[in-house]
Asks: 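Structure below; questions to follow.
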Amino acid sequence: MSHLSKETLESAKITVLPDHFYYIPNFISPEEEASILQKIPPNRWTQLTHRRLQPHPSPLTPTNVLLAAPLPPWLSTHPPLLPRFHHLALFDSTPHASPNHVLVNEYRPGEGIMPHEDGAAYAPVVATVSLGGATCLDIYEKVDGEGTETAKDGRVRGKYRILQEPRSLLITMGRAYVDLLHGIAPVEVDENLNADTVANWGLLGAPGDYEDGRSARETRVSLTYRDVLKVSQVMKGLFGRQK
Ligand SMILES: O=C(O)CCC(=O)C(=O)O
Ligand SMILES: [Fe+2]
């Protein structure tokens with residue numbers, strides 16, 4: 001995707017949602033998508049009940065500290081994802097002015113993630129690149145600091161839904177990061193998709209693909225980029241000379 005700028009971001013705002021969500025279809029090309037998928041190391045997965053995940057460059061410590069280390073090129077410069085984030089000015093106001101951490105999540109059909117918030121370890125900006133299949137992100141408003149009853153039941157839909165197409169970028173910032181919960185229902189098919197039920201319908205790259213209101217889940221990989229607030233330089237001596 002070329003000609004990315006702050007103005008691109010404004011036109012990508014999901015206006016029916018609380019501030020701020022932005023959605024950009026076709027953020028990466030099919031070739032870039034294939035190249036990233038092929039470079040995910042097969043031996044770094046942690047299997048959870050309803051998905052598997054790998055953190056890069058490493059997991060945070062128990063006190064949410066990141067040991068300073070560069071992101072691998074396939075998540076940062078080849079393809080040039082970080083330069084694109086910079087053109088959009090996404091992380092301009094976070095402490096390190098750039099993401100320093102990426103969680104790679106993989107979901108098979110029928111898998112998902114319980115409603116949750118991403119919490120205080122990170123600055124309130126998340127950039128999510130979707131690879132493989134499409135999915136719906138459910139968005140819930142917090143009630144008394146907790147998810148609503150329905151939010152805790154994966155079979156019931158959230159208050160809003162965002163359809164994440166393959167190769168898209170979803171950005172969550174500010175109040176949306178702090179005051180809302182998000183989750184992915186563990187279903188095989190997302191149903192009842194239309195302009196009234198999908199918050200970003202008008203921003204989709206290929207709305208025609210969902211004309212029948214249905215999207216069968218396929219294996220989806222998400223890359224969630226964040227800026228971890230606390231970074232320890234203790235590894236610098238070890239990594240400093242490495243290429
Ligand atoms: O896969 C996604 O798009 C969401 C992942 C997520 O919420 C997280 O890693 O905190
Ligand atoms: Fe999350």
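Just so it is clear, the model here is predicted, and its values are computed rather than measured. For ligands, and for the atoms within them, numbers begin at 1 and follow the listed sequence.
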Asks: Check the surroundings of atom NZ in Lys230: do more than 12 heavy atoms from other residues, nucleotides or ligands lie under 6.0 Å from it?
Replies: yes
Asks: Looking at Thr128, which atoms of ligand 1 are within less than 4.0 Å of one of its heavy atoms?
Replies: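 Near Thr128, meaning under 4.0 Å from one of its heavy atoms, ligand 1 has 3 (O).
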Asks: Under 3.5 Å, is there a donor-acceptor pair between the Thr135 and Arg217 side chains?
Replies: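 Yes, Arg217 and Thr135 have a side-chain donor paired with an acceptor closer than 3.5 Å.
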Asks: Could you tell me if Ser222 and Thr224 have a donor-acceptor pair between their side chains, going purely by distance under 3.5 Å?
Replies: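 On atom types as modelled, these side chains do not qualify, holding no pair under 3.5 Å.
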Asks: Checking Trp201 now: which residues fulfil ring-ring contact (aromatic ring centres under 6.0 Å, His included) with it, not counting sequence neighbours?
Replies: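 Applying ring-ring contact (aromatic ring centres under 6.0 Å, His included) to Trp201 gives none.
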Asks: By number and element, which atoms of ligand 1 are closer than 4.0 Å to a non-hydrogen atom of His182?
Replies: 7 (O)
Asks: Once ring-ring contact (aromatic ring centres under 6.0 Å, His included) is applied, do any residues pair with Tyr225, and if so which ones, sequence neighbours excluded?
Replies: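 Phe85.
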Asks: Among all the protein's non-hydrogen atoms, which is closest to atom 3 (O) of ligand 1, and how far away is it?
Replies: Arg220 NH2, 2.9 Å
Asks: Do me a favour and list the nearest non-hydrogen protein atom to atom 9 (O) of ligand 1 with residue, atom name and distance?
Replies: Asn105 ND2, 3.0 Å
Asks: Do the charged groups of Glu111 and Arg51 touch, with an N to O distance under 4.0 Å?
Replies: no
Asks: What about His182 and His116, are their ring centers closer than 6.0 Å?
Replies: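 Here the rings of His116 and His182 have centres that are less than 6.0 Å from each other.
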Asks: Residues two or more places apart in sequence or in another chain: which of them pass side-chain hydrogen bond (donor to acceptor under 3.5 Å, both in side chains) with Thr94?
Replies: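 Once residues adjacent in sequence are excluded, the partners of Thr94 under the side-chain hydrogen bond (donor to acceptor under 3.5 Å, both in side chains) criterion are Asp227.
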Asks: If you measure from each heavy atom of Glu106 to ligand 1, is any distance below 4.0 Å?
Replies: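 Checking ligand 1 against Glu106, which is what was asked, there is no heavy-atom contact under 4.0 Å.
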Asks: Can you pull out the closest protein heavy atom to atom 5 (C) of ligand 1? Residue, atom name and distance to 0.1 Å, please.
Replies: Tyr107 OH, 3.4 Å
Asks: Look at atom 10 (O) of ligand 1 and say which protein heavy atom is nearest, naming residue and atom and giving the distance to 0.1 Å.
Replies: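 Checking every protein heavy atom, the shortest distance to atom 10 (O) of ligand 1 gives Arg226 NH2, 2.9 Å.
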Asks: Given Arg167, which partner from the list Glu32, Glu33, Glu31 fulfils the salt bridge (Lys or Arg N to Asp or Glu O under 4.0 Å) test?
Replies: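 Only one of Glu32, Glu33, Glu31 forms a salt bridge (Lys or Arg N to Asp or Glu O under 4.0 Å) with Arg167, namely Glu33.
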Asks: Does His86, at its NE2 atom, have more than 12 non-hydrogen atoms belonging to other residues, nucleotides or ligands within less than 6.0 Å?
Replies: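 Atom NE2 in His86 is packed in, count exceeds 12.
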Asks: For the Fe ion (ligand 2), what is the number of protein N, O or S atoms at a distance under 2.8 Å?
Replies: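 Excluding waters, the total comes to 3.
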Asks: For ligand 1, which atoms have a heavy atom of Ser222 less than 4.0 angstrom away?
Replies: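 By the 4.0 Å cutoff, the relevant atoms are 1 (O), 2 (C), 3 (O).
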Asks: Would you say the side chains of Tyr23 and Glu165 form a donor-acceptor pair under 3.5 Å?
Replies: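 Looking only at side-chain atoms, Glu165 and Tyr23 do form a donor-acceptor pair, the distance falling under 3.5 Å.
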Asks: Any nitrogen or oxygen of Arg51, main chain or side chain, under 3.5 Å from a nitrogen or oxygen of ligand 1?
Replies: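 Min N/O separation from ligand 1 is not below 3.5 Å for Arg51.
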Asks: I need the contact type for Asp118 against ligand 1. Using non-hydrogen atoms and a strict under-4.0 Å cut-off, is it side chain, backbone, both or neither?
Replies: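 It is the side chain that touches ligand 1; the backbone stays farther off.
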